[in-house]
Every structure is written in structure tokens, then in C-alpha cells.
2 protein chains.
Amino acid sequence: MSARPEALEWSVDNCTVGRAMEILGERWTFVVLREIANGIRRFDDMRVRTNIPRQVLTNRLAMLVEAGVLRKEPYQDPGARVRHEYRLTEMGFDLWPVIVAVLQWGDRYLADPEGSPLSTVHRDCGAPVRSVLRCDAGHEVTNPREVAARPGPGAHRRS
Amino acid sequence: MSARPEALEWSVDNCTVGRAMEILGERWTFVVLREIANGIRRFDDMRVRTNIPRQVLTNRLAMLVEAGVLRKEPYQDPGARVRHEYRLTEMGFDLWPVIVAVLQWGDRYLADPEGSPLSTVHRDCGAPVRSVLRCDAGHEVTNPREVAARPGPGAHRRS
DNA sequence: CACCCTAAGTCTCGTTGACAGACCCAGCAA
DNA sequence: TTGCTGGGTCTGTCAACGAGACTTAGGGTG
């Protein structure tokens, strides 16, 4: 058996990564979030841009509203009836760090030679925004191998 | 129409978020990555901990190897034949910022009252590691609403 | 030698979800 | 009255998921 990993001792059933992925892990969730983060808030705009099938988009949006990540807001274009658009809730805005991290990873490994079609900037100063890892002692983590996982306060042993 | 969002002009078909999600967006991908980041590298250990069905785990691992996020490494326990375990590649290690960001979000919104079962620490100093957003001008982004999306160098207009 | 054990898979089969394409419906406008 | 538009629903097909049984390679045990 030669040094089994310590993590085997700990249960995984209250893991917040797992719970987060129940919401974020559906195939189109992040694409929808990217759209909304880009200011695309209306059903048909998203559908036309992304080619997500209607039914799937309907389901995904409903699920995200249900989960509390999005909310439905009424709007009315002049000479049209009241419709609804989708906006980020507080919980949704707090996904920005995740979106930025995914974008950064995608840009590094999956972009076309011309570069990324999308960037994130600081609204006030216009400079590009990046996700960085930093420890509470103030060290900036430059190599991800410096990060290690540990059981947290809510960890409990497996049956 | 009242001020359609600018993003509607831009094509989405070379978007790196979309491409990243073709790899990361499958239902169990992140859970697998969390396991491996926790040092759980063997098929059956993952299976027992996560309850992912065998077939799905096989597929997911194969897909991640194919995508270049994981690699298969031979190992041999004393008195057993050679088997294979799964490890992060460089590309996989670079997903740590994403994992940390997801964990942080999950901890904030989805944790049990006792807290998160998992934390990330700086290997050298032991202090907790967090994901933060910062712009290139050195400003730390404290409120995610300060972040805005812009077309990047690879952006091109929609047909 | 025959038999058992374990890790890491396949195989089978019923259920769920994705996807495509047609259809629907409320309200405004011509 | 008819048509347009946004935001859906309905239907049918096909791939993926999930549960459970079976398989396989090598090593150990009697």
C-alpha cells in the first residue's frame, strides 16, 4: 500500500467543490455566465450567439435562477410588451473570480494564435484584471505546485 | 431596442471560455481534479470516495488524459503488479487557481455551518491560500462589480 | 497446481438529458 | 386581420449517465 494519501481518511460528502459543481458543472452553465457577464442578458441574444438549443438554455437559466445565481428582471423596449432579462445576483457576481480564472487558463492553453477574443478590465482604471493566488502571510504563489490541500474545519472522517 | 450590448457585435466561436468548458464543463471533471489535487490518484480510491460510476470515471479520466490535463503514471505496490495512477500535468497544475476560486465560492455560499471540509495552504509557510483579482495597475479588486469584459486581441465580428 | 484476491476495467440495460426542428402565444403595429 | 418578435413549449431521436454483474492480469496461499 506504500503511503496511502491522507485525504482517504476524510469524507467527501459535504465538499463544497462538489456542491458548487452541482450548479456550475452542467455543460453550458459557464457559457451562460460568460454571456451575462458580457452584458448579454436576453434569451434570444444568448441563443443566437451561443447556439445553445432553446430547451437547454431555458433549463439552464431556470436552474441558475433557482440556485440564486441569476435573477429575472422585467424590462420593456419602447413599443413592445414587458419581457424579462437575466442578471447576476450577488452570488452570481461573486463568480467573477472563477470566470476570470477559467478565462486565463483557456487563454494560455486553448487560444488561437491571434490571442483571446475576450479580456477583463478594471472598470475604474481600464487595466487588465487577472486572478492571482496569494497566501494569508502575503506571499504570492507563482507556481501552483506551491499550493497544497488540507482538511478544513468542516472535515469529518469517513464511515 | 434601447442600447443593445456591445458584445452582440462580436463572435463567440473562438471564445476560450467556451473551449475551456468543453474540457472542464463535464459534470464530474472538477470533482476528479479535486481528488487528484488532494493526492487521490488511483482509480478505485476516487471511485470509493466520490461514488462516480465506474464507467463515467473511466471516461472522464481518459478524456482528461486526452486533453492533456492528466497523465497516466505507472506505479507498483510491493507484491503487486504494475498499475497506473493519474497525475496532474503542467496544464493540470495551472488549474489550481480555478479550483481555489471554485472552492472559495462554494465555501461562501454552500458550506455547512461548521465550515468547509477542505482548505488550501501555501506549502512553504502553511498559511491559507486565496484567489484574488488584481489589475495590472496594481489595484486589488474587492468588489467583483468593478470588473468589466472587453473584446480582446483575438476578437472578430460576427458574420 | 488450483484457487482466491485486488485494481482497474468492460458489458448490459434501463433512464435521463441533449439536441433539432416544429409549433405556440402575447402583445404591438401596419 | 395579419404579421412580427421574443421567449418560450412539444416531440422524437440519439448519446450519455448510472447500477450492477462480469472480466482480466498478475501475485499470493494451500
Side-chain angles (χ1 to χ4, degrees), chain A residues 1-5 8 12-13 18 21-32 35-36 39-67 70-87, chain B residues 1-5 8 12-13 18 21-32 35-36 39-67 70-87:
Chain A
M1 283 297 173
S2 77
R4 307 320 321 287
L8 272 177
V12 93
D13 61 349
M21 292 331 278
E22 277 168 37
I23 300 172
L24 307 177
E26 299 285 335
R27 175 71 184 81
W28 293 108
T29 301
F30 262 90
V31 174
V32 167
E35 289 303 292
I36 294 181
I40 309 292
R41 297 197 259 254
R42 301 182 187 179
F43 188 91
D44 235 48
D45 291 343
M46 289 185 224
R47 200 183 57 77
V48 169
R49 256 171 60 104
T50 60
N51 286 314
I52 301 175
R54 286 162 176 286
Q55 185 112 252
V56 177
L57 185 54
T58 306
N59 292 348
R60 213 48 71 243
L61 288 168
M63 183 273 281
L64 288 169
V65 169
E66 167 88 9
L70 300 182
R71 73 194 141 86
K72 254 175 126 158
E73 198 77 355
Y75 75 93
Q76 186 162 26
D77 278 340
R81 78 187 144 121
V82 174
R83 300 179 194 284
H84 294 268
E85 60 184 14
Y86 296 86
R87 288 163 171 272
Chain B
M1 283 294 172
S2 77
R4 306 320 320 286
L8 273 177
V12 91
D13 61 349
M21 291 332 277
E22 277 168 37
I23 299 171
L24 307 177
E26 299 284 335
R27 176 70 184 82
W28 293 109
T29 301
F30 262 89
V31 174
V32 167
E35 290 302 292
I36 294 180
I40 309 292
R41 296 197 259 254
R42 301 182 187 179
F43 188 91
D44 234 48
D45 292 343
M46 289 186 224
R47 200 184 58 77
V48 168
R49 256 170 62 103
T50 61
N51 285 315
I52 301 175
R54 286 161 177 287
Q55 185 110 251
V56 177
L57 185 54
T58 305
N59 292 348
R60 213 47 72 244
L61 288 168
M63 184 273 280
L64 288 169
V65 169
E66 167 87 10
L70 299 182
R71 72 193 141 87
K72 254 174 124 159
E73 198 76 356
Y75 75 94
Q76 187 162 25
D77 278 340
R81 78 187 145 124
V82 173
R83 300 179 195 285
H84 294 269
E85 59 184 14
Y86 296 87
R87 287 163 172 272

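Note on naming: letters A, B, ... go to the chains in the order of the sequence lines (proteins, then strands), and numbering restarts at 1 for each one. Note that these values count all heavy atoms, side chains included, but never hydrogens, waters or copies made by symmetry.
Taking atom CZ on B/R81 and atom P on C/dT6, their separation rounds to 13 Å, with Å as the unit. Between the CG atom of B/L8 and the P atom of D/dG6 there is a distance of 11 Å, rounded to whole Å. Rounded to whole Å, atom P of C/dT12 lies 16 Å from atom CZ of B/R54. The interatomic distance linking B/Q55 (CD) with C/dT12 (P) rounds to 11 Å, in whole Å. Taking atom CD of residue B/Q76 and atom C1' of nucleotide D/dA25, one finds them 13 Å apart after rounding to whole Å. Atom CD1 in B/I40 sits roughly 12 Å away from atom P in C/dA8 (whole-Å rounding). When rounded to the nearest whole Å, the span between CZ of B/R27 and P of D/dG18 equals 8 Å. For the pair A/L57 CG and C/dG17 P, the interatomic distance rounds to 17 Å; values are reported in whole Å.
Within the nucleic acid shown, A/E85 has no heavy atom closer than 4.0 Å to any nucleic acid atom.
Side chain of B/Q55 to main chain of B/N59: no donor-acceptor pair is present (N/O by atom type, distance under 3.5 Å, no hydrogens or angles). A donor-acceptor pair under 3.5 Å links the side-chain atoms of A/T58 to the main chain of A/R54, judged by distance alone.
Along DNA chain C, the nucleotide nearest to A/N51 and the one nearest to A/V82 differ in position, and the one closer to the 5' end is contacted by A/N51.
The listed nucleotides are C/dC19, D/dG18, D/dG7; the one nearest the side chain of A/W28 is C/dC19. Of all nucleotides listed (D/dA19, C/dG9, C/dC19), C/dC19 comes nearest to the side chain of A/V56. Taking the side chain of A/D44 as heavy atoms from C-beta on, and the options D/dG8, D/dC17, D/dG6, the nearest nucleotide is D/dG6. Comparing C/dA7, D/dT5, C/dG9 against the side chain of A/R83 picks out D/dT5 as the nearest.
Contact between the side-chain N/O atoms of A/Y86 and the OP1/OP2 oxygens of D/dG6 is not found at any separation under 4.0 Å. In this structure, B/K72 reaches the C/dG9 phosphate: one of its side-chain N or O atoms is under 4.0 Å from OP1 or OP2.
Taking CG of B/L61 as the start and CH2 of B/W28 as the end, the distance is 13.0 Å to the nearest 0.5 Å.
Taking 4.0 Å as the cut-off between side-chain N and carboxylate O, A/R83 and A/E85 do not count as a salt-bridged pair.
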Derivation and outcome, side chain to side chain contact (heavy atoms under 4.5 Å, CB included), residues A/L24 and A/F30 = CA-CA 7 Å; A/L24 307 177; A/F30 262 90; 3.8 Å; yes
